[in-house]
Q: 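Structure in structure tokens, see below.
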Amino acid sequence: MNNNEDKFKKVVAHCKEYGFVFPSSEIYDGLGAVYDYGQNGVELKNNIRSYWWKSMVYMNENIVGIDAAIFMHPTVWKASGHVDGFSDPMIDNKDSKKRYRADQLIEEKAAQYEAKGKTDKAASLLSAMNTFLNDNDLEGLKNLIVEAEIACPVSGTRNWTDVRQFNLMYSTQMGSAADSAEQVYLRPETAQGIFVNFLNVQKTGRMKIPFGIAQTGKAFRNEIVARQFILRMREFEQMEMQFFVRPGDEMKWYAHWKETRMKWHLNLGTPSADYRYHDHEKLAHYANAAVDVEYRFPFGFREVEGIHSRTGFDLGKHQEFSGKKLQYFDTEMNQSYTPFVIETSIGLDRMFLLLMCNAYTEEEVRNGDATEIRTVLKIPAPLAPVKVAIFPLTKKDGLPEKAREVMDLLKCDYNCLYEEKDNIGKRYRRMDAIGTPFCITIDHQTLEDHTVTVRDRDTMLQERISIDALEKLMDEKLNLRHLLKNL
RNA sequence: GCGGAAGUAGCUCAUUUGGUAGAGCACGACCUUGCCAAGGUCGGGGUAGCCGGUUCGAGCCCGGUCUUCCGCUCCA
């Protein structure tokens, strides 16, 4: 456990030191649970997103992508249940330090009255509670708890804090005049942007069921407790795909996506022992089956991705709230129905953290008679932030000029880094630290026979090849295609 | 939100009981070198997280605050 905590600290420190992740607004002491991606982080993140997008949209003829706005009509969130379900009045007991949902405390008290046959008292308590809840009267709820003499189940005391509203959705106003402005939310999930565009995409794309709509984008949740670096952030990025199927077929497709998604993960070379499924026993109101794909982070197994069978809940709700018919006419069955949905929803930032944890390696290497520690990020080569580093062995004798020629040859296809400072060993190690798969060195022999050495990050071995063969070799090692073909 | 710990240079850390801050690495220039974190010379960089108090004097003592980490709590 100590080793693991230690490793996690090292990964976090490494992320900052090598330009992967910075705390947001750090010069102002940071902003809680908000992080920025740096020059290397953004490359890795883009590459993970690209691997996901291509595996979904390019590799499946019946899946297309969209990019919906973060702002959506406020009624969307009423229909989805987020306005009610995402906002809770909370109260803390000062003695036990326990936090409760105020409405649940009152409901329990009402149930106790009920059990003792005091039906009237229970009913009046609940109706008072509902009035306060509807009016958003937090003081009223607090008074109700005090008057009903509700005690903390743990400490047994009635030493309560004020009731506070914890709304997990961020809101702002649309329209400049505050009094006439409409309250809008920052989306707490990207899925609803897909559901409200279901018919647009289905009709304009002439999509036939079963088909999917994929989307990546930012979502926002005002987490009460945000911890563990970028695992739980207030602003984060999701990669979601909603797959629309015939009602009745959903369990078949649920099994399909459960398996397909795990394959996507394991295809990155992460040990399968570090992955597991976690089936939900308590299902959300919209689901009839749900499973998490969990990864063994240094601090334990955590959810990286969720696969949910959402039934017809979402489309049904939007049909109800919008009054627009959201149905599909199935030509084979010759009938219309509300499709069922299988959702795959993965956290991009969590995937990023997963890869960093898995890639971070400290290994002993011999240097003469001494052994020293080499820190290397073993990121899958097609996802690495910098793909190729180009080094002239010395900074004179025309080697830098030759190195620039090699750089020009590759820079349109790959993120390359040119470096002539310090000795070659130091430059290799710096590239190891950010996970650069290949270092190309231009030496005096290059000027004679047009060959360079290519040094491999993981084996540290060098191979001398002709400059003319470089493009082909790099394509074989670095193109995302090779990952995708194995899916 | 509660409890515990921490915050000194880009990084890792020193600074014996209060006396106006230092090393290694990193960074920049030059020299020497040239295949796995080499050597030399010179140089840049810190109002000690922030605010306040005690004191002749605070990185050090006290209070507050912010941030991070650990444990609770919460998680459609």
Side-chain angles (χ1 to χ4, degrees), chain A residues 1-2 5-6 8-10 12-14 16-19 22-35 77 80-88 90-101 104 154 161-162 164 166-169 188-189 191-192 219 221-229 232 280 282-287 290 299 302-303 306 308 310 313 345 365-368 370 372-376 391-397 399 420-433 439-445 452-457 459-462 464:
Chain A
M1 191 62 194
N2 275 341
E5 274 174 26
D6 197 41
F8 185 58
K9 277 182 186 163
K10 281 179 177 173
V12 173
H14 198 85
K16 172 155 186 247
E17 191 172 351
Y18 290 93
F22 307 122
S24 164
S25 323
E26 197 185 9
I27 61 169
Y28 292 101
D29 281 337
L31 184 64
V34 184
Y35 291 89
W77 307 111
S80 69
H82 285 86
V83 169
D84 298 325
F86 236 47
S87 163
D88 300 321
M90 307 294 284
I91 190 166
D92 292 15
N93 183 273
K94 290 178 185 172
D95 297 312
S96 64
K97 312 291 186 200
K98 297 287 175 189
R99 170 168 297 163
Y100 302 93
R101 275 176 56 174
Q104 286 180 349
V154 174
T161 63
D162 286 340
R164 278 163 300 185
F166 283 87
N167 192 331
L168 295 187
M169 279 199 294
E189 64 173 25
Q192 300 305 324
R221 293 180 197 182
N222 194 7
E223 301 283 357
I224 298 168
V225 174
R227 281 284 172 77
Q228 277 147 344
F229 196 41
R232 180 174 289 187
H280 287 211
K282 201 179 130 200
L283 294 170
H285 56 278
Y286 53 72
F299 40 81
R302 291 296 137 87
E303 177 189 357
H308 303 139
R310 296 180 72 126
F313 177 84
S345 173
V365 290
R366 298 212 73 104
N367 183 16
E372 51 192 34
I373 300 293
R374 177 174 88 116
T375 302
V376 49
F391 302 149
L393 188 59
T394 80
K395 50 181 146 180
K396 50 191 182 195
D397 303 332
L399 296 186
E420 60 183 37
K421 203 176 138 33
D422 294 315
N423 74 65
I424 198 76
K426 201 177 245 182
R427 285 181 264 170
Y428 286 153
R429 295 300 172 81
R430 273 204 289 261
M431 288 302 103
D432 289 341
C439 297
I440 296 174
T441 300
I442 286 78
D443 57 15
H444 291 91
Q445 193 181 330
V452 293
T453 62
V454 177
R455 181 260 196 187
D456 183 277
R457 176 193 69 198
T459 63
M460 296 171 70
L461 296 175
Q462 286 173 260
R464 181 168 283 277

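Just so it is clear, the model here is predicted, and its values are computed rather than measured. All chains are named by letter (A, B, ...) in the order of the sequence lines, taking the proteins before the strands, and each is independently numbered beginning at 1. Values reported hereafter were calculated over all heavy atoms of this structure, with side chains retained and with hydrogens, waters and symmetry mates removed.
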Q: Rounding to the closest angstrom, what is the interatomic distance between B:rG39 and B:rU32 at atom C1'?
A: 8 Å
Q: What integer distance in Å separates A:Lys421:NZ from B:rC30:C1'?
A: 11 Å
Q: Can you list the residues that meet the side-chain hydrogen bond (donor to acceptor under 3.5 Å, both in side chains) rule with A:Tyr35, with sequence neighbours excluded?
A: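 By the side-chain hydrogen bond (donor to acceptor under 3.5 Å, both in side chains) rule, A:Tyr35 matches no residue at all.
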Q: When the C1' atoms of B:rG18 and B:rC56 are compared, how many Å lie between them, rounded to an integer?
A: 12 Å
Q: Could you list the residues that satisfy salt bridge (Lys or Arg N to Asp or Glu O under 4.0 Å) with A:Arg455, not counting sequence neighbours?
A: A:Asp432
Q: Could you pull out all residues at least two apart from A:His280 that satisfy ring-ring contact (aromatic ring centres under 6.0 Å, His included)?
A: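 In terms of ring-ring contact (aromatic ring centres under 6.0 Å, His included), with neighbours along the sequence ignored, A:His280 is linked to A:His308.
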Q: Could you tell me how far apart A:His444 (NE2) and B:rC35 (C1') are, to the nearest whole angstrom?
A: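 Going from A:His444 (NE2) to B:rC35 (C1'), I get 13 Å.
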Q: Side-chain N or O of A:Lys426 versus OP1/OP2 of B:rA38: is the shortest distance under 4.0 Å?
A: yes
Q: Of all the nucleotides listed (B:rC36, B:rG34, B:rC27), which has the minimum atom distance to the side chain of A:Arg427?
A: B:rG34
Q: Return the nearest nucleotide to the side chain of A:Gln462; candidates are B:rA26, B:rC35, B:rU68.
A: B:rC35
Q: Tell me the interatomic distance from A:Asp422, atom CG, to B:rC27, atom P, rounded to whole angstroms.
A: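 One finds 6 Å between P of B:rC27 and CG of A:Asp422, rounded.
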Q: Tell me: CZ of A:Phe229 to P of B:rU67, nearest whole Å?
A: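 About 17 Å, once rounded to whole Å.
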Q: Looking at A:Asn423, I'd like to know whether one of its side-chain N or O atoms comes within less than 4.0 Å of OP1 or OP2 on B:rA38.
A: yes
Q: Scan nucleotides 10-12 of chain B against the protein and return all N/O pairs shorter than 3.5 Å with their distances rounded to 0.1 Å.
A:
residue, atom, partner, partner atom, Å
B:rC11, OP1, A:Lys16, NZ, 3.0

Q: Closest heavy-atom contact between A:Val452 and A:Thr441?
A: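 Scanning both residues completely, I find the closest heavy atoms to be CB-O, 3.5 Å.
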Q: Shortest non-hydrogen contact from A:His14 to A:Ala433?
A: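 In terms of heavy atoms, the two residues are closest at NE2-O, 2.6 Å.
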Q: Between B:rU33 atom C1' and A:Asp443 atom CG, what is the distance in whole Å?
A: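 From A:Asp443 CG to B:rU33 C1': 15 Å.
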Q: Using Watson-Crick and G-U wobble pairs whose two distances are both under 3.5 Å, how do you write the pairing of RNA chain B as dot-bracket, with | for links to another strand?
A: (((((((..((((.....[..)))).(((((.......))))).....(((((..]....))))))))))))....
Q: Of all the nucleotides listed (B:rA37, B:rC35, B:rC70), which has the minimum atom distance to the side chain of A:Arg464?
A: B:rC35
Q: Is there a donor and acceptor pair closer than 3.5 Å between the side chain of A:Arg232 and the base of B:rC75?
A: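 Between B:rC75 and A:Arg232, which were checked side chain against base, a qualifying N/O pair under 3.5 Å is present.
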Q: Sequence neighbours left out, what passes salt bridge (Lys or Arg N to Asp or Glu O under 4.0 Å) with A:Lys16? Give chain and number order.
A: A:Glu26
Q: Taking the same atom, P, in B:rG52 and in B:rG45, what whole-Å distance lies between them?
A: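 Taking atom P in both B:rG52 and B:rG45, they lie 26 Å apart.
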Q: Round to a whole Å and report the spacing from CZ of A:Phe8 to P of B:rU68.
A: 13 Å
Q: Rounding to an integer number of angstrom, what distance separates B:rU68 and B:rA58 when you compare their P atoms?
A: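 Comparing P positions in B:rU68 and B:rA58 gives a spacing of 30 Å.
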Q: Check every atom of B:rA37, B:rC70, B:rC35 against the side chain of A:Arg429 and return the nucleotide holding the closest atom.
A: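 It is B:rA37.
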Q: Among all residues two or more places apart in sequence or in another chain, which pass the side-chain contact (heavy atoms from CB on, under 4.5 Å) test with A:Glu303?
A: A:Asp292, A:Arg350
Q: For atom P, what is the distance between B:rU54 and B:rC60, given to the nearest Å?
A: 15 Å
Q: Angle between ring planes, A:Phe229 versus A:Phe8, binned at 30° and 60°: parallel, tilted or perpendicular?
A: perpendicular
Q: Using a heavy-atom cut-off of under 4.0 Å over every strand shown, decide if A:Arg455 touches base, sugar-phosphate, or nothing.
A: base
Q: Write down the atom of A:Leu393, the atom of A:Arg427, and the distance for their closest heavy-atom approach.
A: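 For A:Leu393 versus A:Arg427, the nearest heavy atoms are O-NH2, 3.3 Å.
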Q: Go through B:rC35, B:rC70, B:rA37 for me and flag the one nearest to the A:Tyr18 side chain.
A: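 Nearest to the side-chain atoms of A:Tyr18, counting from C-beta on, is B:rA37.
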Q: To the side chain of A:Arg430, which of B:rC36, B:rG34, B:rC27 is closest?
A: B:rC27
Q: So, using side-chain contact (heavy atoms from CB on, under 4.5 Å) as the criterion, who are the partners of A:Lys421 when residues are at least two apart?
A: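 Here the qualifying residues are A:Glu419.
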Q: Taking the P atom of each, how far is B:rU8 from B:rU47, in whole Å?
A: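 Roughly 13 Å separates the two P atoms.
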Q: Please measure how far the C1' atom in B:rU73 lies from the corresponding atom in B:rG10, and state the result in whole Å.
A: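 Going atom to atom, C1' in each nucleotide, I get 37 Å.
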Q: Taking atom C1' in both B:rU41 and B:rA6, what distance in whole Å separates the two?
A: 39 Å
Q: Using atom NE2 of A:His82 as one end and atom C1' of B:rC75 as the other, report the distance to the nearest whole Å.
A: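 Roughly 12 Å, once rounded to whole Å.
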Q: I'd like to check the side-chain hydrogen bond (donor to acceptor under 3.5 Å, both in side chains) partners of A:Glu17; sequence neighbours left out, ordered by chain and number.
A: none
Q: Nearest nucleotide by nearest heavy atom, which residue falls closer to the 5' end of RNA chain B, A:Ile373 or A:Val34?
A: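 Going by which nucleotide is closer to the 5' end, it is A:Ile373.
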Q: Protein-nucleotides 41-46 of chain B N/O pairs closer than 3.5 Å?
A:
none

Q: Distance-only, no hydrogens or angles: does the A:Asp443 side chain make a donor-acceptor pair with backbone N or O of A:Gln445 under 3.5 Å?
A: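 Pair found, side chain donor or acceptor close to backbone of A:Gln445.
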Q: Excluding sequence neighbours, so at least two apart, what forms side-chain hydrogen bond (donor to acceptor under 3.5 Å, both in side chains) with A:Thr394?
A: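 Listed in chain order: nothing, the list is empty.
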Q: If you assign A:Asp456 and A:Ser80 each to the RNA chain B nucleotide with the nearest heavy atom, which residue ends up on the more 5' nucleotide?
A: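 That would be A:Asp456.
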Q: Rounded to the Å, how far apart are A:Ile424 CD1 and B:rA38 C1'?
A: 13 Å
Q: Could I get the full list of side-chain hydrogen bond (donor to acceptor under 3.5 Å, both in side chains) partners for A:Asp422, not counting sequence neighbours?
A: A:Arg430
